[in-house]
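Side-chain atoms are counted along with the backbone in the values below, which use heavy atoms only and exclude waters and symmetry mates.
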Amino acid sequence: LLSLIIVGLQSPMAAMADPTLKSEASPKGAATSDPPAERADESKTDSPKSVTDPAEATTASPAADEDTVVVTGTRTPGRYADVPIATEVIEREEIERSGARTAGDLLETQGGLLINRTFRGAGVSLQGLDPRQTLILVDGERVTGRIEGVVDLDRIRSEHIERIEIVRGAGSAVYGADAIGGVVNIITRKTQKTFGATASVAYGDDEAKDLSGTVQAASQTVRTRVSAGWHTLEAYDLDPTDAATTGSQVRDLQMAQRTDWDPSKRLRVSLTGDYALRDRVGIDVTAAGAVLDRTQQTESHNWIAGLRWRGQAKRAVASFHYTHLVDQLLLDQRGSDALDRYERTGLSLMNGNAQMDVTAFGWHHLSVGVDGAVETARSPRISMGEAERFRGAVYVQDQWTLDDAPYLVVVAGGRLDTDSDFGLVITPRLAARFDPWEGLVLRASVGSGYRAPDFKELYLRFENEAV
């Protein structure tokens, strides 16, 4: 799929460039900070050299400071005023004002996004494409546990979110499979105080109940944050003419932690983990009129270990990600057992990444990286009971600043993926930004994307062969 995006007329505040940030060592648009899975103590900087962490990077709203750092569009950090790939952001202040309980609720308030809700969860549609064609990341890492090909955004609670970055258009050139409509990168919260604790209780007229708390502590070299929450929502029905419920009863338990250790000024080690238990109960009615009592439980745990080294005009990052999800579904037909069904599906993902960024000749920012992943699925509907899949990739990207006045930058890159089931896939991308005069920003990009079938589409048997 080819994607073409042209963005113009950026606000003067966002388009202005600070002349103090221009130098031969760090040209306008140069990226010299840390990787998506990490966070810095600050998200603003007086110069590119002082940027410390790309997970702090975010494209700001039009009123945001031009020195805010962005990362998701190119997988490397850069100033918002100079970014070549258009990126949107939902910042923490907006999250708190919205009153949203989950990432799905939050994205539902944004223009140009469509949230598709089924009993399997909430998926986001970008560019008018199916939610299966949107890549969901947490701290720059893939989220496993796609049900019906969709990541349930309602299982990510808003109290754990620092911000959300959104990039529209094909992004497979840097992220691989599934990034056809775009990429949604959810950045989790970091430790901000030497010591602190918070607690909140909320009750809504829809009988929603929320209880959450956070404890955080930091020393000169170590920072840690632990949070937990319990959330309930009663079932509701907007159509009393049938037995089906419009919304399911929900019971959620969430726990998360993040620890960062800086043994030196150039080295950072991080460990992030979370656990979630989600129960849903509802009533469905088939086209033939059969009434089904539905109970679903999803349990997941997720761990990310990261390593970052930062030198003069270069940086190296690596991460290892393990996640496991178990989804159980029970359907009980009223008055009959013809449609009764119990299904238990287990999904596991192990993923590793390494990336090297080098600034050369003052105008080229070159990134080279490798990805590797092993996916495993277990289900009684898989012929052999278990299926396994291997993926590997190498990608390269060059961000070339051709001129500073007027500002002109070109980003060219590509990725070679290999899949144990589908062989080789090549996905290139070319993007450019041109500022002919102050207050006018023109961006254009063309790239390719693809989606590999998930385990259900590949291996699961269907009882009804007509499906």
Candidate pair Ile180 and Asp130, rule side-chain contact (heavy atoms from CB on, under 4.5 Å), full reasoning
CA-CA 9 Å; Ile180 300 177; Asp130 191 279; over 6 Å; no
Minimum heavy-atom separation for [X] and [Y], please, with both atom names.
| X | Y | value |
| --- | --- | --- |
| Thr76 | Thr74 | OG1-OG1, 2.8 Å |
| Pro263 | Trp261 | CD-O, 3.2 Å |
| Asn351 | Gly372 | OD1-O, 3.1 Å |
| Arg315 | Pro77 | NH2-CD, 3.1 Å |
| Ser227 | Thr214 | CB-OG1, 3.6 Å |
| Val409 | Pro84 | CG1-CB, 3.8 Å |

Name all residues meeting the side-chain contact (heavy atoms from CB on, under 4.5 Å) criterion together with [X]; count only those two or more places apart in sequence or in a different chain, and write none if there are none.
| X | result |
| --- | --- |
| Gln257 | Thr224, Val226, Thr259, Leu271, Trp303 |
| Asp279 | Arg251, Gln297 |
| Ser158 | Ile95 |
| Ala431 | Ile85, Val411, Ser445 |

With rounding to the nearest 0.5 angstrom, report the [atom1] to [atom2] distance, [X] to [Y].
| X | Y | atom1 | atom2 | answer |
| --- | --- | --- | --- | --- |
| Leu106 | Leu153 | CG | CG | 10.0 Å |
| Leu129 | Leu114 | CG | CG | 11.0 Å |
| Leu416 | Tyr395 | CG | OH | 13.5 Å |
| Gln220 | Thr194 | CD | OG1 | 10.5 Å |
| Ile186 | Ile164 | CD1 | CD1 | 5.0 Å |
| Thr359 | His365 | OG1 | NE2 | 5.0 Å |

Just by modelled atom types, is the [Y] backbone N or O under 3.5 Å from a matching donor or acceptor in the [X] side chain?
| X | Y | result |
| --- | --- | --- |
| Asp139 | Ile187 | no |
| Thr134 | Gly181 | no |
| Thr72 | Asn185 | no |
| Asp262 | Arg268 | no |
| Thr245 | Asp284 | no |
| Ser172 | Tyr450 | yes |

Any Lys/Arg nitrogen of Glu386 or Arg378 sitting under 4.0 Å from an Asp/Glu carboxylate oxygen of the other?
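Salt bridge flag = yes for Arg378 with Glu386.
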Identify, with sequence neighbours excluded, every residue that meets side chain to side chain donor-acceptor pair (under 3.5 Å) alongside [X].
| X | answer |
| --- | --- |
| Tyr275 | Glu299 |
| Asp274 | Asn302 |
| Asn116 | none |
| Ser367 | Asp357 |

Walk me through it: do Lys314 and Met356 pass the test side-chain contact (heavy atoms from CB on, under 4.5 Å)?
CA-CA 7 Å; Lys314 56 183 175 291; Met356 185 72 181; 4.0 Å; yes
Close side-chain approach of [X] and [Y], heavy atoms under 4.5 Å:
| X | Y | result |
| --- | --- | --- |
| Val124 | Ile166 | no |
| Arg92 | Arg163 | no |
| Leu277 | Met255 | no |
| Phe422 | Pro453 | yes |
| Asp293 | Leu330 | no |
| Gln133 | Gln127 | no |

Under a 3.5 Å cutoff, is there a donor and acceptor pairing between the side chains of [X] and [Y]?
| X | Y | answer |
| --- | --- | --- |
| Asp327 | Thr298 | yes |
| Gln355 | Gln397 | no |
| His231 | Arg101 | no |

For side-chain contact (heavy atoms from CB on, under 4.5 Å), just list the numbers for Thr323 and Glu141, CA-CA rounded to whole Å, side-chain angles, deciding distance to a tenth of an Å, and then say yes or no.
CA-CA 10 Å; Thr323 185; Glu141 301 286 346; over 6 Å; no
With [X], which residues qualify under salt bridge (charged side-chain N to carboxylate O under 4.0 Å, His left out), at least two apart?
| X | answer |
| --- | --- |
| Arg266 | none |
| Asp332 | none |
| Arg429 | none |
| Arg391 | Glu375, Asp419 |

By the definition side-chain contact (heavy atoms from CB on, under 4.5 Å), identify the one residue from Asn353, Val151, Asp371, Asp178 that meets it with Arg142.
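Among Asn353, Val151, Asp371, Asp178, the one that satisfies the side-chain contact (heavy atoms from CB on, under 4.5 Å) with Arg142 is Asp178.
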Show your reasoning for whether side-chain contact (heavy atoms from CB on, under 4.5 Å) applies to Arg258 and Asp260.
CA-CA 7 Å; Arg258 177 178 178 90; Asp260 291 305; 2.8 Å; yes
Derivation and outcome, salt bridge (charged side-chain N to carboxylate O under 4.0 Å, His left out), residues Arg97 and Glu93:
CA-CA 6 Å; Arg97 287 195 305 266; Glu93 293 80 2; over 6 Å; no
Side chain to side chain donor-acceptor pair (under 3.5 Å), paired with Ser248, selected from Gln296, Arg294, Arg280, Glu234
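Of Gln296, Arg294, Arg280, Glu234, side chain to side chain donor-acceptor pair (under 3.5 Å) with Ser248 is met by Arg294 alone.
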Pair Arg157, Asp210 - check salt bridge (charged side-chain N to carboxylate O under 4.0 Å, His left out), show working.
CA-CA 11 Å; Arg157 303 299 303 188; Asp210 293 275; 3.1 Å; yes
